[in-house]
Amino acid sequence: MMPLRLTALLAAATGLLLCSCGTNALDAESGDVPVVAGLPDTVTFADVAPIFRARCMPCHRPGQAGPFPLISYGDVRRKLKTVRKMVVHRWMPPWPADTTYSRFADEQVLTARQVALVVKWVDQGAQVGDTTSLPPIPQYPEGSLLGTPDAVVWLPDTFHIPGDNRDRFIIAKAPFELPRDTFLRAVEFVPGNRRGVHHMNGAMVGYAAGAKRDNEAGSAYIDADSTASISAYEVLHLRNDDGTWPALTPNMVNYLPGLAPALYPPGIGGYRIPRTGAFLMNTLHYGPSLKDTIDRSHFNLWFTATPPERPMHELALGTLGMSPVVPVLIIPADSVKTFTTALTVPKDISVLSINPHMHLLGKSFLAFAVTPGRDTIPMIRIKDWDFRWQYAYTFRHMLHIPKGSVIKVVAVFDNTKANRNNPYDPPRTAREPLTGHMRTTDEMLQFFVNYVDYRAGDEAISLGQ
Ligand code: HEC
């Protein structure tokens, strides 16, 4: 640390501004307060309020996932000590991806300067200062992050979340019947109970005309942990009337607090949506609750007359996907073990977004592509896996991966007592499910890559909102 601090001091003394852009590798790792030149002598709430409003308020406001608001001076003042700790360790805002490895649109991270400002403010006694020229508190639209939807699809029933203080992983189905076959520009999942719903990964099932008479048959919700011997998809009655399987659009809609749904440039991505179908929630994760409560969530749909000119496709690496996990994903009790999975890219692709997935025993996750010319294209590095923050990460610009490249995933699982999230004490051997059926305590290693076929110039297309 010494040389860094010295440079910073020197820079300050000579009036040079040390770059405080982005996250510094050193301070991201340790919980150290970053050394940043050019901070005000006295930091007041007026200096830090814009940080709380932009980076904390999306979740820490009434009706959202954060357990308390962080909007007014009083709100932050009440939580001063924990706020300092969360910010210094970069535990809040939650953003597991390492920004020194690859960059994404809508990253929720504080810059070194922002961390230093908040810490200095707290350490100087959290003064109010002159807040008269603060811009007004941002207003968020109710219910949707994208505006007024064209149609809404509700879960057919409420889900009762028992107050037994445990995580619950549900598979659920929301059938729909639209006036006609059409195209979708965007779809958004809106939890009915934001404290209850932790995250959701959803796909769409689409029925060909006349293939399914009773779209609403079957259960709406299934506890993934309690359907030990029967396939969840059977209980949900997803099959066509003739017993064949309908078309599936995987990974179509994801939800995690604070993250807006994907909205790509016109003609890119987007979906065909048939008149009759259902949203299939492969994971609807309810966090632990101390009291009985309920949830009924819904989907917002935005239609478009433009067919998806460049439809999105998916590479699914790992468990139940297109490439095996090596060695077989068995994690003996009391072991920390590394696994890999690799897939050759069959054509030139432009990646839009990626979604790494593991469960409770995940410890770290790394994915990159190696081109035929032996160049490495970094995709994502998560040094400290946290199963609670399963983002789908959208790149800032389309990421070109040439034909013949190998996408490689290296993941570490920790099945020791030292892993706070280990569901068993003493630890028990964990393995991946060999059939479609899943329980929380099974492990998984998956990596989803959403892409369109490459066209020259894609690298310049921005995906930020
Ligand atoms: C993406 C949503 C999100 C954002 C953005 C966010 N938080 Fe949180 N925060 C949460 C949730 C959810 C919790 C509840 C605990 C958990 O699930 O980890 C939480 C918990 C906390 C806690 C309590 C932690 C504890 O252990 O008691 C503090 C303090 C906190 N956040 C501060 C912040 C600050 C400061 C920011 C902005 C710099 C921020 N959060 C941004 C979602 C968010």
J.: Excluding sequence neighbours, so at least two apart, what forms side-chain contact (heavy atoms from CB on, under 4.5 Å) with Ser364?
T.: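 With sequence neighbours excluded, Ser364 shows a side-chain contact (heavy atoms from CB on, under 4.5 Å) to Val412, given in chain and number order.
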J.: Is the distance between the ring centroids of Tyr451 and His313 less than 6.0 Å?
T.: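 So the answer is yes for these two rings.
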J.: Less than 3.5 Å apart, any donor N or O on the side chain of Asn193 or Thr293 sitting next to an acceptor on the other?
T.: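 Yes, side-chain donor-acceptor contact under 3.5 Å.
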J.: Does the side chain of Asn355 come under 3.5 Å of the side chain of Asn254 through a donor N or O and an acceptor N or O?
T.: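 Asn355 vs Asn254: no donor-acceptor pair found between side chains.
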J.: Strictly by salt bridge (Lys or Arg N to Asp or Glu O under 4.0 Å), give each pair with a member in residues 143-152 just once, sequence neighbours left out.
T.: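 Residue pairs with at least one partner in residues 143-152: there are none.
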J.: Sequence neighbours excluded, which residues qualify as side-chain contact (heavy atoms from CB on, under 4.5 Å) partners of Thr249?
T.: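 Per chain and number, Thr249 pairs via side-chain contact (heavy atoms from CB on, under 4.5 Å) with Met204, Met252, Tyr271.
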J.: Using a distance-only test with no angle check, is there a side-chain donor-acceptor pair under 3.5 angstrom linking Tyr233 and Asn282?
T.: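 Distance-only check passes for Tyr233 and Asn282.
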J.: For His237, which residues count as a ring pair (Phe, Tyr, Trp, His ring centres under 6.0 Å) partner, sequence neighbours excluded?
T.: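 None.
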J.: List the residues meeting salt bridge (charged side-chain N to carboxylate O under 4.0 Å, His left out) with Arg53, not counting sequence neighbours, and say none if there are none.
T.: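 By the salt bridge (charged side-chain N to carboxylate O under 4.0 Å, His left out) rule, Arg53 matches no residue at all.
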J.: Can you name the residues that form a ring pair (Phe, Tyr, Trp, His ring centres under 6.0 Å) with His60, not counting sequence neighbours?
T.: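 Testing His60 for ring pair (Phe, Tyr, Trp, His ring centres under 6.0 Å), a comparison that skips the adjacent residues, returns Phe68.
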J.: Will you find, in the side chains of Asn450 and Ser353, an N or O donor that is under 3.5 Å from an N or O acceptor?
T.: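 Yes, because at least one side-chain N or O of Asn450 sits under 3.5 Å from a partner of the opposite role on Ser353.
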J.: How would you list, by chain and number, every residue that makes a ring pair (Phe, Tyr, Trp, His ring centres under 6.0 Å) with Trp385, sequence neighbours excluded?
T.: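 Listed in chain order: nothing, the list is empty.
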J.: Can you name the side-chain contact (heavy atoms from CB on, under 4.5 Å) partners of Gln114, sequence neighbours left out?
T.: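 Testing Gln114 for side-chain contact (heavy atoms from CB on, under 4.5 Å), a comparison that skips the adjacent residues, returns Ile51, Leu110, Thr111.
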J.: Check the pair Val336, Phe413 against side chain to side chain contact (heavy atoms under 4.5 Å, CB included), reporting the backbone distance first and the verdict last.
T.: CA-CA 6 Å; Val336 176; Phe413 291 84; over 6 Å; no
J.: Of all residues at least two apart in sequence or in a different chain, which pass the ring pair (Phe, Tyr, Trp, His ring centres under 6.0 Å) check with Phe183?
T.: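 Phe183 satisfies ring pair (Phe, Tyr, Trp, His ring centres under 6.0 Å) with no other residue.
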J.: Suppose we screen for salt bridge (charged side-chain N to carboxylate O under 4.0 Å, His left out). Which residues come up paired with Arg61, at least two apart in sequence or across chains?
T.: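 Arg61: no salt bridge (charged side-chain N to carboxylate O under 4.0 Å, His left out) contacts found.
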J.: List for me each residue that meets salt bridge (charged side-chain N to carboxylate O under 4.0 Å, His left out) alongside Asp75, sequence neighbours excluded, and say none if there are none.
T.: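 Listed in chain order: Arg78.
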J.: Applying salt bridge (charged side-chain N to carboxylate O under 4.0 Å, His left out), can you list everything that pairs with Lys337, at least two apart in sequence or on another chain?
T.: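 In terms of salt bridge (charged side-chain N to carboxylate O under 4.0 Å, His left out), with neighbours along the sequence ignored, Lys337 is linked to no residue.
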